[in-house]
Structures are given as C-alpha cells and as structure tokens.
Amino acid sequence: MKLDERKKEFQNPGPAFRAKPFWAWNGKLEEKELLRQVDILKEMGFGGYFMHSRMGLETEYLGEEWFSLINSCADYGHAEGMENWLYDEDRWPSGSAGGMVTRYKKYRAKFLEMTLLDRTEYRRIRWPQNLVAVFACRMEEEILYSKRRLCKGDRLEAGETAVVFRKIYAEKNDNYNGYCYVDTMSREATDYFLKITHEKYRKKCGKRLGTKIQGIFTDEPHRGPCFTEFSGGSKRRVPYTDQLFEEFASRFGYELTELLPELFLRKEIGEVSCVTRDYFELCQELFLENFAMPIQEWCRENHMLLTGHVLHEDSLTEERLTAVRKL
C-alpha cells in the first residue's frame, strides 16, 4: 500500500483497524435488543465487538439460547460490516467455563502450602494423604540455617521448627459459580475446558468460525498466585499440579521434594536458591505447554484468531518480585 493510500485508510479505517470493545452480555438477553446494540456500536465508530458474558447474566451460559443469540449477532454484525469476536469464559479468568470444569476436583487449581509448627504443635500433627514433606529447620525470621527431613515418629530437637508442606485445593467462591479456578498446568484440565467451551462453539456456530466470527479472546489465564493473597492465594502458598515433582526432576535433574524449604525460605548465604528459579521456570513452561499452546492450536485448526492477555501482563516481574520480597 502506497503512502497516500495509507493516509486515506488512516482517515477512515476499516473494521480491522477500529477499536473493538468488550460488549457486556448480562441480565436476560433478548435478540431484538442485542441487534439494536450492534447498530449503536457501529454508529459509535467501532469496528466490532467481543461478546462477553458478565456478572448478572440470566440467560444460560453456553445453553441453546446462548448460541442462538451468538449466531444471530454474528450474522447481523457481519452483514453490517462489523467484526464478531467470541470470549472464552463466563466472566474471568479463563479456563474454568464458569465452574463447569472445576466441578471435578481433579481439575481444580492446587497449591503447595508451607506451615510452621513449634514442638507442641508438631506433636499433634497428623500425617494425612495431602502431606508432602516435613522438615526440621533451624531458622530465624524465616531465614534458613539448616534443614533435615522428618519421617513419622521423628522428634524435633531444641531450637528447631517443624516446616510442613501440604497439597491443598483452591477455595471455592462465587466468582466461579460456587467452584474455583482451574489447574492450568494440567493438559487434561485444558482438554476438558476446550471440549465444553470451544468445541461447543465449533458445533453450534459451524462455518461462521473463521468467516463471520473472526476469533476468540482468552482473559487473564494464569498458572496460579505465588506468595500473595491475590486471586485466592496466600503468602505461604505456591501453585502445584500433580505432575510437578516428576516434571521438575525430569527437567532439572534433582528432586524438588528434598529442597522445599529453599523454595519458601531465604538461605543464610543471602542468595536466592536455584530451587526458586527452577520452580518458577517450570510453572511457566507447564502453563505454556498445557494451557496456552493447546488453545492456540485449536484456534489455528478451526481458522480462528486468538487474542487476549494473561494475568499481571502489565509487569513481567510483578509476581516474581512478590516472591523475591518474600525471600
């Protein structure tokens, strides 16, 4: 395109170069009203919209009426020269399908939680199935000086603190319709999310995908909060998935289980342990391999564009800095 043509396009850009807002779908949806709003969005100068389930939706999410309205808006919007985009979640963050994925416990987000116990508390400890490891540590203000692995029946010595690591599930809350966020480091969980969300759009929208419907938005997926109370986390929790320890050993050549205190506590030498670095690297890799890439592959196979943003994308170091301050 020549410069003069670019200038002309800039003065009156086509739909591809115009803004496309989140179009909030809430309350009881009605076709006539939705089509009226398409006209308003066009009149305002937008090039399209993302059909976005929001708080207060009364029409069944991913129900028959939902897809009928999606198709009506896609057909009408396309005829009016507007771009139609899907949104892959009931509210956000993406991955749970409004709790339909996490009805099943195995797909729920999980954490590795550290608890500190004194000698009296340690004597009352039970050794449940969710207990991963227990250490006797000499520490001061959560600075680690020494550690030794404990087995059931072992005693704490004077001056030692019991450091207990457990696997726990994310708490349920209303944001996920009474369930919780999903384990995005689990490929099985992602496959189920694709099955009940994306595959339904493929079945119900048919040839509109890639033609009248340009693509899909994924909103704030993440691998889980670390050392922070944000998004259902805790200052003494990090993300966990069932294959975490196996994958860690396979990729980095040593056992994370034996060094868990170094993931949560600062070492005496003052340096951040390589355990912390390798753990964060693994979580990012598992998130990309088991959530982001499968969704991208599905979109390519179905002639759809994928857009969106991940949690905390405003600062690539935000969650990492939270962890460093803790260390």
| query | How far apart are the C-alpha atoms of Trp23 and Cys73, what are their side-chain angles, what is the distance that settles it, and do they pass the side-chain contact (heavy atoms from CB on, under 4.5 Å) test? | reply | CA-CA 12 Å; Trp23 179 17; Cys73 290; 3.9 Å; yes
**Q.** From CA spacing to verdict: ring-ring contact (aromatic ring centres under 6.0 Å, His included), Tyr279, Phe248
**A.** CA-CA 7 Å; Tyr279 166 81; Phe248 191 97; 7.6 Å; no
Determine whether Lys195 and Asp191 satisfy the following criterion, salt bridge (Lys or Arg N to Asp or Glu O under 4.0 Å), listing intermediate values before the conclusion. CA-CA 6 Å; Lys195 178 181 178 180; Asp191 285 343; over 6 Å; no
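At a cut-off of 3.5 Å, with distance as the only test, a side-chain donor of Asp90 or Ser53 sits close to an acceptor on the other residue. Thr190 and Asn290 are not linked by any side-chain donor-acceptor pair at a separation below 3.5 angstrom, with hydrogens and angles left out of the test. At a cut-off of 3.5 Å, with distance as the only test, no side-chain donor of Asn175 or Tyr181 sits close to an acceptor on the other residue. Defined by atom type and a distance below 3.5 Å, a donor-acceptor pair is missing between the side-chain atoms of Asp183 and Tyr107. Counting only N and O atoms by type, the side chains of Arg208 and Asn84 include no donor and acceptor under 3.5 Å apart. Glu89 and Ser94 are not linked by any side-chain donor-acceptor pair at a separation below 3.5 angstrom, with hydrogens and angles left out of the test. A side-chain donor from one of Asp39 and Tyr76 sits under 3.5 Å from a side-chain acceptor of the other. Counted by atom type alone, Glu64 and Trp66 present zero donor-acceptor pairs between their side chains at under 3.5 Å.
Using a cut-off of 4.0 Å between Lys/Arg side-chain N and Asp/Glu carboxylate O, Arg223 and Glu285 are scored as not salt-bridged. A salt bridge does not link Arg18 with Glu83: every distance from a Lys NZ or Arg NE/NH1/NH2 to an Asp or Glu carboxylate oxygen is 4.0 Å or more.
Of the candidates Arg155, Arg119, Arg148, Lys147, Glu160 forms a side chain to side chain donor-acceptor pair (under 3.5 Å) with just one, namely Arg148.
Annotation: Tyr169 is not in aromatic contact with Phe111 [ring centroid separation under 6.0 Å not met].
Looking at Val238 and Glu113, their side chains never come closer than 4.5 Å, going by heavy atoms from C-beta outward.
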